[in-house]
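Notes for the one structure printed next.
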Amino acid sequence: MKIDVLTLFPEMFDGVFQASILGKAKEKGIVDLQAINFRAYSGNKHNTVDDYPYGGGGGMVLKPEPVFAAVEDLKLEEDVKPRVVLLCPQGAQFTQQKAEELAKEQHIVLICGHYEGYDERIREHLVTDELSIGDYVLTGGEIPAMVLIDSVVRLLPGVLGNETSAVTDSYSTGLLEHPHYTRPSAFRGWEVPEVLISGHHANIEVWRRQQSLLRTLERRPDLLKSAELSDKERKWIASRRKQETDKTRT
């Protein structure tokens with residue numbers, strides 16, 4: 001996979017691209033990561049990439065010329081049509097499902113904005129996706145781009161040491177992930193659940209599934225509406241809800 005990030009601050013990505021899982025993926029040749037300063041495509045002697053908004057108002061707006069030129073230059077390098085992602089608070093919410101979708105692409109171009117916003121023609125005629133990492137506003141699109149890259153790259157074959165890790169992560173199954181424990185089995189009087197040290201793999205899987213359901217019910221019940229559940233699991237959830245309701249009444 002090739003991921004190009006168009007940003008006014010490429011130095012922000014130096015450490016991110018070299019460290020931890022992303023750094024190892026890059027070393028293995030699984031992903032090609034590049035941060036490009038689109039100011040180089042400004043086309044004017046002052047390297048200006050923003051201007052005042054038509055109609056007045058506060059802030060500055062990113063001009064279309066340098067962004068279009070940068071993306072079109074990247075497209076000329078290969079025959080593959082890239083996904084061009086605009087990172088902005090107005091975009092659709094970035095989810096695990098979207099990460100899995102993007103992980104199937106060969107080339108992704110991320111556009112990191114700054115200032116008041118983008119010229120609307122960038123949205124209308126250049127990008128394929130608009131994505132947001134949450135309902136809040138940041139100073140630029142660099143941190144959202146890092147979030148997206150980390151989330152997508154870890155799904156690529158050969159990136160994680162354990163290939164099942166990404167499959168069982170929270171949200172990958174539509175539910176939150178079950179609790180994890182490691183050695184020692186007893187720590188300050190707190191014991192690891194007996195089923196996990198029993199060696200009975202079928203019982204362990206049942207326990208993990210129930211814990212995943214319970215954690216989702218307690219923390220993100222909204223996810224249960226779209227999760228794939230068996231009839232037995234739906235009855236179990238209804239029973240848990242009834243128990244909580246009865247506790248509240250008493």
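Residue numbers start at 1 and run along the sequence shown.
The minimum heavy-atom distance linking R215 with L176 is given by the pair O-CD1, 3.9 Å.
Under the 6.0 Å cut-off for aromatic ring centres, F9 and H114 qualify, their centroids lying closer than that.
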(request) Please assess E101 against Q97 for the test side chain to side chain contact (heavy atoms under 4.5 Å, CB included), listing each intermediate value before the final yes or no. (result) CA-CA 6 Å; E101 176 188 326; Q97 287 69 39; over 6 Å; no

(message) Before you tell me yes or no, could you show the steps for K75 and K81 under side chain to side chain contact (heavy atoms under 4.5 Å, CB included), namely the whole-Å CA-CA distance, both residues' side-chain angles and the distance that decides it to 0.1 Å?
(response) CA-CA 7 Å; K75 287 183 178 181; K81 186 177 180 180; 5.6 Å; no

(request) Start with the C-alpha gap between R123 and E130, add the side-chain angles, then the distance that decides, and say whether side chain to side chain contact (heavy atoms under 4.5 Å, CB included) holds. (result) CA-CA 8 Å; R123 300 179 190 274; E130 291 184 52; 2.5 Å; yes

(request) For side chain to side chain contact (heavy atoms under 4.5 Å, CB included), just list the numbers for L8 and N37, CA-CA rounded to whole Å, side-chain angles, deciding distance to a tenth of an Å, and then say yes or no. (result) CA-CA 5 Å; L8 295 176; N37 192 336; 3.8 Å; yes

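With values rounded to the nearest 0.5 angstrom, D51 atom CG is found 11.0 Å from L62 atom CG. Residue L148 holds its CG atom at 6.0 Å from CG of L102, rounded to the nearest 0.5 Å. Taken from CD1 in I122 to CZ in F68, the straight-line distance is 6.5 Å, to the nearest 0.5 Å. For the atom pair CE of M1 and CG of L33, the computed distance is 10.0 Å after rounding to the nearest 0.5 Å. Within the model, atoms CG of L110 and CE of M146 stand 11.0 Å from one another, a figure rounded to the nearest 0.5 Å. In this structure, CD in E142 is found 9.0 Å from CD in E11, a value given to the nearest 0.5 Å.
Within a 6.0 Å radius of NZ in K26, other residues, nucleotides and ligands contribute more than 12 heavy atoms. Crowding of D79 atom CG: a count of heavy atoms from other residues, nucleotides or ligands under 6.0 Å not exceeding 12. The local environment of CD in Q243 is crowded, with over 12 non-hydrogen atoms from other residues, nucleotides or ligands closer than 6.0 Å.
Both I143 and Y136 sit in one connected hydrophobic cluster of ILVMFWY residues. Membership requires side-chain heavy atoms under 4.5 Å apart, directly or through other members.
With side-chain heavy atoms closer than 4.5 Å counting as contact, directly or through intermediates, the hydrophobic cluster containing F187 also holds W190. Other residues sharing a hydrophobic cluster with V206 under the 4.5 Å side-chain heavy-atom criterion for ILVMFWY residues do not exist; the residue is a singleton. I204 belongs to a hydrophobic cluster with Y181, V192, V195, L196, I197, W207, counting contacts under 4.5 Å between side-chain heavy atoms of Ile, Leu, Val, Met, Phe, Trp and Tyr, direct or through other members.
Checked by atom type and distance alone, the side chain of T216 pairs as donor or acceptor with a backbone atom of S212 at under 3.5 Å. No donor-acceptor pair closer than 3.5 Å links the side chain of S42 to the backbone N or O of F38. With hydrogens and angles disregarded, a donor-acceptor distance shorter than 3.5 Å links the side chain of S132 to the backbone of G134. Between the side chain of T245 and the backbone N or O of R241 there is at least one donor-acceptor pair closer than 3.5 Å. A distance-only check finds no donor-acceptor pair linking the side chain of Y118 to the backbone of V61 [under 3.5 Å]. Between the side chain of S198 and the backbone N or O of H200 there is at least one donor-acceptor pair closer than 3.5 Å.
Residues D4 and H107 bring a donor and an acceptor atom of their side chains to less than 3.5 Å of each other. Inspection of the Q210 and H178 side chains reveals no N or O donor paired with an N or O acceptor under 3.5 Å.
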